[in-house]
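Below, chains carry the letters A, B, ... as their sequence lines are ordered, and counting in each starts from 1. Atoms considered below: every heavy atom in the structure, side chains included; atoms not considered: hydrogens, waters and symmetry mates.
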Amino acid sequence: MKTAPASPNSLFWFRKGLRLHDNPSLWAAIKDAKHLYAVFVLDPWFLKPERVGVNRLNFLLQSLTDLRSSLKARGSNLLVLRGKPEEVLPKVWKDWKITRLCFEVDTEEYAKERDVKIEAAAKEAGIEVISCVSHTLYNTEDICAKSGGHAPLSYKGFEKAMNALGPPARTAPDLPAKLPPMDPSSKGIADKDTDVPSVSDLGYIEAVRTPFKGGETEALARLAEQLSDKGWVAQFEKPKGDPTAFDPSPATTVLSPYLKFGCISPRLFYESLQQVYMEKKEHSKPPVSLLGQLLWREFYYTAAAHTPNYHQKEDNPICKQIPWDDTPEFFKAWEDCRTGYPWIDAIMRQLHEWGWMHHLARHCVACFLTRGDLYVSWEKGRDVFDRLLIDGDPSINSGNWMWLSASSFFYQYFRVYSPITYGKKYDPEGKYVRHFLPALKDMPAKYIYEPWKAPKKVQEEANCIIGVDYPAPIVDHAVVSKQCIARMKQAYDAEKAGQNPSASPPKRKATGGEKPLTKMLKPT
DNA sequence: GTCGAGTTGTTTGT
DNA sequence: ACAAACAACTCGAC
């Protein structure tokens with residue numbers, strides 16, 4: 001590699017990390033730089049309705065708009081380019097005589113493959129490449145190194161590895177008020193060529209419905225607001241949250257979409273929490289505390305980055321091989337909010353409209369689709385979440401789906417969420433259900449979670465005939481949940497026998513083992 | 001090999 | 001409000 005020039009022309013490539021605060025890679029880009037070019041590349045690989053829903057795409061575009069105005073305020077700009085990064089970047093680094101390329105480390109599958117190619121091409125062109133870790137608290141490799149060379153698969157193991165590393169790196173200092181300018185004679189840097197498009201510019205016709213707005217400015221304001229109630233922060237325990245809370249605001253911080261895109265730095269969140277905990281001596285602790293939530297993110301990022309085939313069941317060494325059913329009619333009903341269980345359908349409706357639901361609500365629908373009721377593969381549900389969530393983050397999403405389907409991390413498959421009583425205990429009046437499923441808005445509270453039990457007269461008075469205005473349940477939870485538990489046991493036993501065939505012969509159940517349970521699960 | 005723990009279950013009792 | 005029964009998993013420490 002050539003020696004880096006004294007006054008480099010730097011290209012900073014934004015991908016995640018859509019922020020100016022705590023951005024060590026951007027610091028590396030501006031160091032001694034004569035010129036700085038900040039770009040975001042709209043990659044056609046992402047920009048497909050089957051890959052990213054309108055709510056998250058809009059969140060991204062708002063984040064870019066915010067970033068653009070922040071950069072302009074510092075005498076720079078964000079140039080939004082379109083096309084495959086491996087084609088677009090070499091073109092501009094040639095046009096702009098770039099000598100240094102900087103970007104934040106991204107551990108996700110597609111990003112890793114992409115970045116290896118870009119880095120090789122840049123070095124080939126004599127360009128210095130600098131890449132820092134700032135999307136996670138730690139370098140995930142360091143966590144693995146402290147855990148016997150592999151990603152920890154339990155929270156305890158993760159905690160041990162993390163404690164061995166000590167506290168994470170401090171946040172980077174604020175950037176200077178003025179950033180190195182672009183050379184005004186550079187090709188293709190005019191506003192008209194590099195502006196942030198709208199969702200309709202990108203071919204999306206669906207309306208944006210999420211109430212959450214993207215961007216670093218919004219993220220910092222939300223962080224400040226959420227952490228201003230120090231008593232609340234200090235006593236926060238995730239399992240005690242109310243998944244039905246939505247008006248005026250949910251039971252959690254909703255910082256997840258900002259962390260997903262890096263509008264907020266995890267290290268800034270970490271430091272801000274530590275400040276509150278210093279003041280409030282009595283406070284909740286990981287894994288249930290707010291800090292714990294940030295550590296779970298780290299846990300899943302580490303697992304994803306260091307597990308082969310993490311995003312699929314097949315050839316995934318940490319994933320139980322459960323023979324899920326292929327029942328597209330069940331899957332479609334779940335996806336389209338018509339399982340006939342209001343609690344499940346309301347959560348799925350919130351997913352479509354807001355792109356966000358409370359974590360425990362996600363548990364309920366994930367359990368229902370997989371091991372609890374429909375026995376459909378977690379990969380199918382994962383794809384839906386991946387597309388529709390504004391915080392859809394592959395490492396965390398696939399991990400949680402394996403957790404909920406008892407495919408990895410969590411194995412107590414007999415603990416099944418009830419699609420009837422779970423919501424009822426938080427919201428007996430059914431306000432949440434009524435809001436997201438207006439067809440049921442006048443159903444008496446007594447029947448709001450089980451409307452099929454309402455007498456015909458009650459249904460008529462509520463203007464909601466079951467089977468007409470709102471579907472009848474596609475399965476009988478009391479029946480199928482028991483069958484599912486039995487099938488999970490069978491699958492676990494088969495896995496054990498398969499993994500270690502010499503230790504014990506394949507177990508055969510005395511009775512019931514060969515029952516065609518699939519047939520029994522069909523809609524009645 | 002045993003035993004306790006595991007961010008977030010449900011139902012039925014008192 | 002809290003406790004036991006339900007049926008019973010894996011992992012990791014010892």
Side-chain angles (χ1 to χ4, degrees), chain A residues 146-148 150-162 235-245 250-253 256 283-300 303 317-322 341 343-344 347 357-368 370-373 396 399-426 449-450 476-500 503-504 507 509-512:
Chain A
K146 292 284 181 199
S147 180
H150 55 82
L153 295 180
S154 69
Y155 182 81
K156 276 270 183 295
F158 174 81
E159 200 175 40
K160 223 176 127 187
M162 191 184 70
Q235 63 79 50
F236 181 95
E237 289 184 32
K238 184 64 152 286
K240 292 187 180 158
D242 177 359
T244 69
T252 54
T253 62
S256 54
H283 60 82
S284 53
K285 298 262 160 46
V288 295
S289 64
L290 263 187
L291 174 61
Q293 306 315 301
L294 187 61
L295 301 184
W296 278 108
R297 172 179 183 271
E298 199 81 5
F299 172 85
Y300 285 124
I318 67 168
C319 184
K320 292 266 186 200
Q321 300 302 300
I322 297 160
Y341 285 91
W343 173 237
I344 299 301
I347 295 166
M357 320 86 99
H358 189 279
H359 187 65
L360 293 175
R362 301 182 194 197
H363 276 216
C364 290
V365 296
C367 180
F368 188 88
T370 58
R371 65 182 168 86
D373 295 82
I396 301 170
N400 273 315
W401 274 96
M402 284 191 269
W403 182 296
L404 260 298
S405 63
S407 296
S408 195
F409 309 115
F410 169 89
Y411 309 96
Q412 287 159 277
Y413 56 75
F414 40 86
R415 289 190 182 175
V416 175
Y417 291 88
S418 166
I420 297 154
T421 58
Y422 192 86
K424 200 186 278 183
K425 78 181 168 200
Y426 294 100
Y449 291 97
E450 301 168 279
D476 180 346
H477 172 73
V479 174
V480 297
S481 61
K482 286 194 180 70
Q483 295 172 340
C484 285
I485 290 172
R487 297 181 74 186
M488 289 294 289
K489 176 163 181 48
Q490 235 179 297
Y492 270 44
D493 286 348
E495 165 118 349
K496 235 185 289 179
Q499 260 180 10
N500 202 353
S504 60
K507 284 183 191 166
K509 284 180 69 79
T511 56

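- Distance Arg415(A) CZ to dA4(C) C1': 14 Å, rounded to the nearest Å.
- Counting non-hydrogen atoms under 4.0 angstrom, Tyr422(A) reaches the backbone sugars and phosphates but no base.
- As judged by a 4.0 angstrom heavy-atom cut-off over every strand, Phe414(A) is placed among the base-contacting residues.
- Nucleic acid contact for Gln293(A): base, since at least one base atom lies under 4.0 Å from a heavy atom of the residue.
- Rounded to a whole angstrom, the distance from the P atom of dA4(C) to that of dT7(B) is 23 Å.
- Nearest heavy atom pair, residue Val416(A) against residue Gly372(A), reads CG1-CA, 3.8 Å.
- Contact between the side-chain N/O atoms of Ser289(A) and the OP1/OP2 oxygens of dT7(B) is not found at any separation under 4.0 Å.
- Put simply, CE on Met488(A) is 17 Å from P on dA7(C), counting in whole angstrom units.
- The side chain of Gln412(A) has dG6(B) as its nearest neighbour among dG6(B), dT8(B), dT7(B).
- One can place NZ of Lys240(A) at 13 Å from P of dA1(C), the figure rounded to the nearest angstrom.
- Aromatic rings from Phe368(A) and Trp343(A) are positioned such that their centres are separated by 6.0 Å or more.
- To the nearest angstrom, C1' of dT10(C) lies 16 Å from CD of Gln321(A).
- The phosphate of dG9(B) has neither OP1 nor OP2 within less than 4.0 Å of any side-chain N or O from Lys425(A).
- Atom CG in Leu404(A) sits about 12 Å away from atom C1' in dG9(B), given to the nearest Å.
- The separation between Ile485(A) atom CD1 and dA5(C) atom P is 19 Å, rounded to whole Å.
- Relative to the side chain of Ser418(A), the nucleotides dC9(C), dT7(B), dT10(B) differ in distance, and dT10(B) lies closest.
- Here, dA7(C) and dG1(B) have their P atoms 28 Å apart, quoted to the whole Å.
- Of the candidate nucleotides dG12(C), dA8(C), dT7(B), dA8(C) has the atom lying nearest to any side-chain atom of Tyr413(A).
- Between the CG atom of Asp373(A) and the C1' atom of dG9(B) there is a distance of 13 Å, rounded to whole Å.
- Nucleic acid contact for Lys160(A): sugar-phosphate only, since backbone atoms but no base atoms lie under 4.0 Å from a heavy atom of the residue.
- Taking atom C1' in both dC3(B) and dA8(C), the straight-line distance is 15 Å, to the nearest Å.
- Note on Lys156(A): only backbone sugar-phosphate atoms sit closer than 4.0 angstrom, heavy atoms only; bases stay farther off.
- For dA7(C), there is no paired base (Watson-Crick or G-U wobble, both distances below 3.5 Å).
- Gln293(A) places a side-chain N or O within donor-acceptor distance of the main-chain N or O of Val288(A), the cut-off being under 3.5 Å.
- In this structure, the CZ atom of Arg371(A) is 15 Å from the P atom of dA8(C), given to the nearest Å.
- For Tyr422(A) and Tyr449(A), the ring centers sit 6.0 Å or farther from each other.
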Check: So Tyr300(A) and Phe158(A), side-chain contact (heavy atoms from CB on, under 4.5 Å) or not? Walk me through it.
Finding: CA-CA 10 Å; Tyr300(A) 285 124; Phe158(A) 174 81; over 6 Å; no
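- Salt-bridge check for Lys285(A) with Glu237(A): failed, with every basic side-chain N at 4.0 Å or more from each acidic carboxylate O.
- With a 6.0 Å cutoff to the six-membered ring centre and a 45° limit on the axis angle, Lys320(A) counts as a cation-pi contact of Tyr492(A).
- If you check every strand for non-hydrogen atoms under 4.0 Å, Lys424(A) touches nothing.
- Ring-to-base geometry places Trp296(A) in a stacked arrangement with dT7(B) (centre distance under 5.5 Å, plane angle under 30°).
- For Thr421(A), counting side-chain heavy atoms from C-beta on, the closest listed nucleotide (dT7(B), dT11(B), dT10(C)) is dT11(B).
- Partner assigned to dT2(B) is dA13(C), using Watson-Crick or G-U wobble distances below 3.5 angstrom.
- Contact check, Lys482(A) against dC6(C): no side-chain N or O comes under 4.0 Å of OP1 or OP2.
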